[in-house]
Amino acid sequence: GQQVMQIPQYQHVQEGEDFTTYCNSSTTLSNIQWYKQRPGGHPVFLIQLVKSGEVKKQKRLTFQFGEAKKNSSLHITATQTTDVGTYFCAGRKTTDSWGKLQFGAGTQVVVTP
Amino acid sequence: GAVVSQHPSWVICKSGTSVKIECRSLDFQATTMFWYRQFPKQSLMLMATSNEGSKATYEQGVEKDKFLINHASLTLSTLTVTSAHPEDSSFYICSARDPAGGSYIQYFGAGTRLSVL
C-alpha cells in the first residue's frame with residue numbers, strides 16, 4: 001500500500017488565510033521533495049529537504065523535515081489565488097539508489113477570493 | 001533550469017493500436033528516467049524506472065509487455081503502449097533525474113493525455 005501518507009486531501013482556503021499540509025512516511029526517508037501541480041499541468045519541483053529537522057522558506061512557503069526524517073510539512077501563509085493547485089510530497093527511501101520517489105496522495109488546494 | 005520535453009501532449013487512437021510517447025531531457029543527461037500514470041484527481045503512480053542502456057524496472061502490477069520502455073540514450077526514453085484499450089486511457093507523465101551534484105530531484109515533462117476509442 002501507499003507508504004507516504006498526506007493530509008488533508010482537500011483544503012479550501014479563504015484568500016489571506018494560512019494552511020498546512022502534512023506528510024508522513026512509514027519508513028525513514030533519505031530526503032523528501034515537494035511538488036506543485038496546477039490544474040491541467042504537470043508536477044513542478046518546489047524544494048528538497050535532506051537534513052533532520054531542516055526548515056526551508058520560499059517567500060510565503062515554509063517547509064519542514066521532521067527530526068526522525070519520517071514526516072514533513074508545508075505551511076503557506078497569506079494564501080493567494082496563485083497558490084491554487086495540488087501539492088505533493090515525495091519521499092526517497094534510504095535504500096534507494098536510483099532516485100525513486102514515493103508520492104503522497106496530494107493536497108488539492110482551492111482558494112476563495 | 002532542467003527542462004524535460006514530452007511528446008505528444010495529446011493522442012487519440014483506436015483500440016488495438018500502439019502509441020509511442022517520447023521523453024527528452026533537453027539541457028542535461030539523464031541516466032535515469034521515470035514513467036508515471038495519473039488518474040484524474042489522484043496521485044502519480046510510478047510505472048517503471050528507466051536506466052540508460054539497460055532494461056527498465058517495472059513496478060508490481062505493471063505489464064512490461066504492455067508498456068514497453070526504451071532508454072536508448074542519455075537524453076531520450078520512450079514508452080510504447082502496445083495494443084491499447086480504453087482502460088489504458090490516462091495521463092502519462094515522464095520525469096528525468098538530473099544527477100548533477102548527486103541530486104535526486106526529478107524534473108517532469110508536460111505529460112501525455114491518451115484517449116483510446
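Here the structure is a predicted model, which is why all the values come from computation and not from measurement. Within every chain, numbering begins at 1; the chains are lettered A, B, ... in the order of the sequence lines, protein sequences first and strands thereafter.
- Around atom CZ of R60(A), more than 12 heavy atoms belonging to other residues, nucleotides or ligands sit under 6.0 Å away.
- At a cut-off of 3.5 Å, with distance as the only test, a side-chain donor of T112(B) or Q6(B) sits close to an acceptor on the other residue.
- With chain A as the partner, the residue from I105(B), T49(B), L44(B) showing the most heavy-atom pairs under 4.5 Å is I105(B).
- Heavy-atom neighbours of H7(B) NE2 from other residues, nucleotides or ligands within 6.0 Å: at or below the threshold of 12.
- Contact annotation for Q60(B): neither backbone nor side-chain heavy atoms come within less than 4.5 Å of a heavy atom of chain A.
- The aromatic rings of F45(A) and Y35(A) lie perpendicular to each other, with more than 60° between the two planes, well past the 30° mark.
- In terms of non-hydrogen atom pairs under 4.5 Å with chain A, the most contact-rich of S95(B), G109(B), P40(B) is G109(B).
- No hydrogens or angles considered: a donor-acceptor pair under 3.5 Å links the side chains of Q38(B) and Q37(A).
- Top candidate by heavy-atom pairs under 4.5 Å with chain B, chosen from Q108(A), Q9(A), Q33(A), is Q33(A).
- In terms of heavy-atom pairs under 4.5 angstrom with chain A, the leader among R97(B), Q42(B), Q106(B) is Q106(B).
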